[in-house]
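First up is the structure itself, then whatever we jot down about it.
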Amino acid sequence: MHDGGRRACTTLIMIRHGETEWNRQRRMQGQADSPLSATGRAQARALAEKIAAIEFAALYASDLGRAYETARVIAQRTGRALIAEPRLRERGFGIFEGLTHEEMMRDFPHEHQLFRGVDPDYAVPGGESACQCAARAVAFLDDIVGRHAGETVVAVSHGMVLGSIYRHVTGQPLTAPRNFQLFNAGLNVLRCDGGCWAVETWGDVDHLGADAVTPM
């Protein structure tokens with residue numbers, strides 16, 4: 001049937017990496033890194049089984065270790081090539097990386113107070129602002145439509161990137177309190193139809209056991 005030139009819907013399945021050792025210790029990771037925990041590796045395997053049942057055209061991942069390792073399990077299970085995408089990196093947190101919140105408050109009280117404020121243009125020394133992180137996340141989102149019109153794409157990234165994209169698609173400002181979950185290895189499905197993105201599914205963890213669900 002002729003569709004009058006209407007372009008097919010593009011689907012983006014976005015995934016936060018599996019749980020890491022620093023997630024367990026509640027340390028700020030940013031663009032520093034820590035390996036997947038035993039739970040995180042199990043999450044990645046369960047995720048790969050879920051993704052293997054889906055027909056998709058391309059697999060992208062942040063080039064940071066925890067996301068790339070999660071995506072590599074998917075690549076091995078599905079046979080898809082893995083494309084490293086620096087724009088999917090976590091927001092840089094500079095001097096806070098590797099620290100718990102208690103350590104941030106102790107060692108950098110002034111910077112921590114500014115960080116906990118609502119200014120999306122504030123960048124922790126050595127890091128980047130919420131606006132800078134969101135700009136590259138949205139640029140990746142926009143590119144997907146051009147590269148993969150009418151296709152399904154899988155992308156493994158990080159909490160702040162996923163949060164930026166969710167806010168962009170739903171029209172929420174970066175300063176608004178977070179009202180959505182960011183589960184490790186959860187499925188978050190967005191669709192672009194007629195140039196407009198919408199959230200179809202967010203925070204799907206049905207593929208994980210109840211004791212393997214770790215939110216942020």
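- Using a distance-only test at 3.5 Å, with no hydrogens or angles considered, a donor-acceptor pair links the side chain of Trp202 to the main chain of Gln181.
- With hydrogens and angles left out, the side-chain atoms of Thr214 and Gln43 include a donor and acceptor closer than 3.5 Å.
- Applying the side-chain contact (heavy atoms from CB on, under 4.5 Å) criterion to Asp121, with sequence neighbours excluded, gives Asp119, Cys131.
- Transitive grouping of hydrophobic side chains (ILVMFWY, heavy atoms separated by less than 4.5 Å) brings Met216 and Phe180 into a common cluster.
- From Ile165, atom CD1 reaches atom CG of Leu88 across 7.0 Å, with rounding to the nearest 0.5 Å.
- Sorted by first and then second residue, the side-chain hydrogen bond (donor to acceptor under 3.5 Å, both in side chains) pairs with a member in residues 134-161 read Tyr60-Arg147, Tyr60-His148, Ser62-His158, Arg66-His158, Arg87-Asp143, Glu128-Arg136, His148-Glu151; sequence neighbours excluded.
- Connection of Trp22 to Phe93 is not established within any shared hydrophobic cluster, with ILVMFWY side chains joined at heavy-atom distances below 4.5 Å, either directly or through further cluster members.
- The hydrophobic cluster containing Tyr166 does not contain Val138, counting ILVMFWY residues as joined when their side-chain heavy atoms lie under 4.5 angstrom apart, directly or transitively.
- Checking side-chain atoms of Ser37 against main-chain N and O of Glu19 turns up a donor-acceptor pair under 3.5 Å.
- A continuous path of Ile, Leu, Val, Met, Phe, Trp and Tyr side chains, each step under 4.5 Å between heavy atoms, connects Leu182 with Phe140, placing both in one hydrophobic cluster.
- Residues forming a ring pair (Phe, Tyr, Trp, His ring centres under 6.0 Å) with Phe108 (at least two apart in sequence, or on another chain): none.
- In summary, of the residues considered (Arg27, Gln29, Glu21, Gln25), a side-chain hydrogen bond (donor to acceptor under 3.5 Å, both in side chains) with Ser34 occurs for Gln29 alone.
- Glu200 places none of its side-chain heavy atoms less than 4.5 Å from the side chain of Thr11.
- Ile74 belongs to a hydrophobic cluster with Ile13, Ile15, Leu47, Ile51, Ile54, Phe56, Leu59, Tyr68, Leu82, Val154, Val156, Leu187, Val189, counting contacts under 4.5 Å between side-chain heavy atoms of Ile, Leu, Val, Met, Phe, Trp and Tyr, direct or through other members.
- The side-chain contact (heavy atoms from CB on, under 4.5 Å) test applied to Pro109 returns no partner, not counting sequence neighbours.
- Residue pairs meeting the side-chain hydrogen bond (donor to acceptor under 3.5 Å, both in side chains) criterion with at least one member in residues 88-99, sequence neighbours excluded: Asp63-Arg89.
- No continuous path of hydrophobic side-chain contacts links Phe115 to Met105 [ILVMFWY only; heavy atoms under 4.5 Å].
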